[in-house]
Amino acid sequence: MRIPREIAGETIMETIHLSYPLNERFIEQHTRPQVLAIGQFDGLHLGHASVINSAVRLAGELGLPASVMTFHPHPKEVMKKGDYDGYLTPPEEKERILREMGVDYVYIVEFNDAFSRVSPQNFVSGILVPLQVHTAVVGFDFRYGYRGEGDASMLRELSGNVLDVHTVPPFLIDGEKVSSSGIRKALQEGKIEQANRWLGRTYTLRGTVMHGEKRGRQLGFPTANLKLAEHYVVPASGVYAVRVTHEGTTYSGVMNVGVKPTFHENGKIFWLEAHLFDFSSEIYDESLSVELIHYIREERKFGSLDELIAQIGQDAETAKRLLKDS
Ligand SMILES: Cc1cc2nc3c(=O)[nH]c(=O)nc-3n(C[C@H](O)[C@H](O)[C@H](O)COP(=O)(O)O)c2cc1C
Ligand SMILES: Nc1ncnc2c1ncn2[C@@H]1O[C@H](COP(=O)(O)OP(=O)(O)O)[C@@H](O)[C@H]1O
């Protein structure tokens, strides 16, 4: 039978950091028959969820633990050497979501230049076989090993026929394949509603409140300036209707993302600043999570403070209306 891993309704999930080659002691002490979903899974969008949910379901049927293997840093971050636009779900966010999905173990494999050169054969015989993977669950287009030369159809044979492979078909919305790259593009074009539809939840940024230019209060709209906790994909500049959670309470609000062109000609610093409704506390250095719900308009340069203030007032009304309906 599957080992019960729930205490008082909370699933216990263990995160295990691995690097190649696997440590002998780790192999002796920790490997076990399991159903393993493998993938980069940045975003944990609806397509990823269908792979992981298949693994969790299959694990339940087989009475085995369900695990997920992912890689960090993102291969594109390592290969592009610094020219990477960030994570949809940085590691902590990923762990939080996987825990809610009922996963028992998460393996985070260190991705570096040396790992990128591991052959498909060595990936399977050096990692999957010693982990005692019973069934590998992968998306239809999963690739692995040097230059992505390995595919799903080769997994079983490369394992010496010791593991089963379950391949999950593409997840489509309106005939389009849900993908991390599609979500990145949507975010960078301000299409937050599409990004959220494909994610199956709202895109969320976490960080702490830092000091800004002390102008917000004078304008009548104090704004909490967000210092991102991790290297997130930053959404397109513009104004958004948001929900902001501070110490367990969620407030509606409106957020500006951009350089504040009214005050900074050719501004280089990119700000993410949220005005929370029905809120008046001092929260510098405290943690916030910001859910982006709707895109309202582009950021603009205003001719006067009065025009900017009037527009922010209208944005706040628009945000309240949009958030009431969603
Ligand atoms: C809803 C909202 C919309 C905004 N839109 C713009 C804009 O279009 N152009 C602009 O230059 N600044 C815009 N701002 C930014 C304000 O200029 C900014 O909040 C103000 O400068 C206060 O900055 P501070 O928090 O650093 O003091 C907007 C702010 C909010 C809250
Ligand atoms: N309704 C609110 N929304 C956002 N921040 C608020 C609100 N009420 C009070 N604050 C506090 O005021 C600060 C923002 O004031 P502001 O004048 O814009 O200063 P700064 O330029 O340092 O952001 C926030 O960081 C927060 O501590």
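In each ligand, atom 1 is the first atom listed, and ligand 1 is the first ligand listed. Residue indices begin at 1 and follow the sequence shown. As the structure is a computational prediction, the values presented were derived from the model and not from experiment.
- More than 12 heavy atoms of other residues, nucleotides or ligands shown are found within 6.0 angstrom of CD on E230.
- Polar contact check, E298 against ligand 1: no nitrogen or oxygen pair lies under 3.5 Å apart.
- Here the side chains of Y232 and L272 are not in contact, with every heavy-atom distance at 4.5 Å or above.
- Note: F111 and F115 have perpendicular aromatic rings, judged against thresholds of 30 and 60 degrees for the angle between ring planes.
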Would you sort out whether Y87 and V233 count as a side-chain contact (heavy atoms from CB on, under 4.5 Å), showing the intermediate values? CA-CA 5 Å; Y87 293 81; V233 175; 5.7 Å; no
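- Considering backbone and side-chain atoms together, F221 places no N or O closer than 3.5 Å to any N or O of ligand 2.
- Contact annotation for H211 and ligand 1: no heavy atom of the residue comes within less than 4.0 Å of the ligand.
- The protein heavy-atom contact nearest to atom 22 (C) of ligand 1 is G216 N, 3.4 Å.
- Near F263, meaning under 4.0 Å from any of its heavy atoms, are these atoms of ligand 1: 17 (O), 21 (O).
- Nearest residue to atom 15 (O) of ligand 2 from H246, R217, H275 is R217 (criterion: closest heavy atom).
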Run the numbers on N256 and H275 for side-chain contact (heavy atoms from CB on, under 4.5 Å), then give the verdict. CA-CA 9 Å; N256 188 57; H275 171 69; over 6 Å; no
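- Counting heavy atoms from C-beta on, the side chains of P75 and Q40 come closer than 4.5 Å.
- Between atom 2 (C) of ligand 2 and the options F279, Y251, Y284, W271, the minimum heavy-atom separation is to F279.
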Can Y105 and H30 be said to form a side-chain contact (heavy atoms from CB on, under 4.5 Å), step by step? CA-CA 11 Å; Y105 299 97; H30 291 286; over 6 Å; no
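- Residue, atom and distance of the protein heavy atom nearest to atom 14 (N) of ligand 1 are N256 ND2, 3.5 Å.
- For the pair A274 and ligand 2, a heavy-atom separation below 4.0 Å is found.
- Here the shortest heavy-atom distance to atom 5 (N) of ligand 1, taken over E307, Q218, R300, R297, belongs to R297.
- Among D285, I283, T223, L226, the residue whose heavy atom lies nearest to atom 26 (C) of ligand 2 is I283.
- In this structure, D151 contributes its side chain and M154 its backbone to a donor-acceptor pair below 3.5 Å.
- Applying the 6.0 Å contact sphere to CD of E24 captures no more than 12 heavy atoms from other residues, nucleotides or ligands.
- Remark: ligand 1 atoms within the under-4.0 Å shell around heavy atoms of L219 are 20 (C).
- Nearest heavy-atom pair, T202 versus L292, reported as atom, atom and distance to 0.1 Å: CB-O, 4.2 Å.
- Residue P261 has at least one N or O atom closer than 3.5 Å to an N or O atom of ligand 1.
- Below 4.0 Å from some heavy atom of H211 lie the following atoms of ligand 2, by number and element: 22 (O).
- Within the 4.0 Å heavy-atom criterion, neither part of F277 lies near ligand 2.
- Regarding atom 16 (C) of ligand 1, its nearest protein heavy-atom neighbour is E273 OE2, 4.0 Å.
- Under 4.0 angstrom from ligand 1, the non-hydrogen atoms of D315 all belong to its side chain.
- Note on R201 versus E291: no salt bridge recorded, every NZ/NE/NH1/NH2 to OD/OE distance being 4.0 Å or above.
- Residues Q34 and D104 bring no donor and acceptor atom of their side chains to less than 3.5 Å of each other.
- Among protein heavy atoms, the minimum distance from atom 27 (O) of ligand 1 is reached at R215 N, 2.6 Å.
- Between F26 and Y107, the ring-plane angle classifies as perpendicular under the 30° and 60° cut-offs.
- Annotation for ligand 2: atoms under 4.0 Å from non-hydrogen atoms of N225 are 20 (P), 21 (O), 23 (O).
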Evaluation steps, side-chain contact (heavy atoms from CB on, under 4.5 Å), between V234 and L228: CA-CA 9 Å; V234 176; L228 294 176; 4.0 Å; yes
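- Taking each of K260, K301, M255, Q311 in turn, the one with a heavy atom nearest to atom 24 (P) of ligand 1 proves to be K260.
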Apply the test salt bridge (Lys or Arg N to Asp or Glu O under 4.0 Å) to residues E213 and K260: give CA-CA distance (whole Å), side-chain angles for both, the deciding distance (0.1 Å), then the verdict. CA-CA 11 Å; E213 298 175 303; K260 305 190 251 191; 2.9 Å; yes
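- Heavy-atom minimum distance, R32 versus P65: CD-CG, 3.8 Å.
- Listed by number with element, the atoms of ligand 1 under 4.0 angstrom from any heavy atom of E299 are 7 (C), 8 (O), 9 (N).
- The shortest distance between side-chain heavy atoms of F302 and I312 does not fall below 4.5 Å.
- Heavy-atom contacts of E282 reach the following atoms of ligand 2: 27 (O) (cutoff under 4.0 Å).
- Annotation for D325: atom CG counts as buried by contact number, over 12 foreign heavy atoms lying within 6.0 Å.
- The shortest contact between atom 25 (O) of ligand 1 and any protein heavy atom is with T223 OG1, 2.6 Å.
- Only the backbone of S280 comes within 4.0 Å of ligand 2, judged by heavy-atom distances.
- Distance from atom 10 (C) of ligand 1 to its nearest protein heavy atom, with residue and atom name: T262 OG1, 3.3 Å.
- Residue K214 has at least one heavy-atom neighbour below 4.0 Å for each of these atoms of ligand 2: 17 (O), 19 (O), 20 (P), 21 (O), 22 (O).
- The contact set between ligand 1 and K214, taken as ligand atoms under 4.0 Å from a residue heavy atom, comprises 27 (O).
- Under 4.0 angstrom from ligand 2, the non-hydrogen atoms of V209 all belong to its side chain.
- The single protein non-hydrogen atom nearest to atom 20 (P) of ligand 2 is G212 N, 3.4 Å, given as residue, atom name and distance.
- Proximity of E213 to ligand 2, defined as any heavy-atom pair under 4.0 Å, is confined to the backbone N, CA, C and O atoms.
- A salt bridge is absent between E28 and R25: the closest approach of a Lys/Arg side-chain nitrogen to an acidic carboxylate oxygen does not fall below 4.0 angstrom.
- Taking a cut-off of under 4.0 Å to the non-hydrogen atoms of V254, the atoms of ligand 1 that pass are 1 (C).
- At a heavy-atom cutoff of 4.0 Å, ligand 1 is contacted by the side chain of F302 but not by its backbone.
- Considering only non-hydrogen protein atoms, atom 10 (N) of ligand 2 sits nearest to S281 O, 3.3 Å.
- In this structure, the protein non-hydrogen atom closest to atom 6 (C) of ligand 2 is P222 CB, 3.8 Å.
- Contact check for H211 versus N225: no side-chain heavy atoms found under the 4.5 Å cut-off.
- Interface of G212 with ligand 1, defined as ligand atoms under 4.0 Å from a residue heavy atom, comprises 26 (O).
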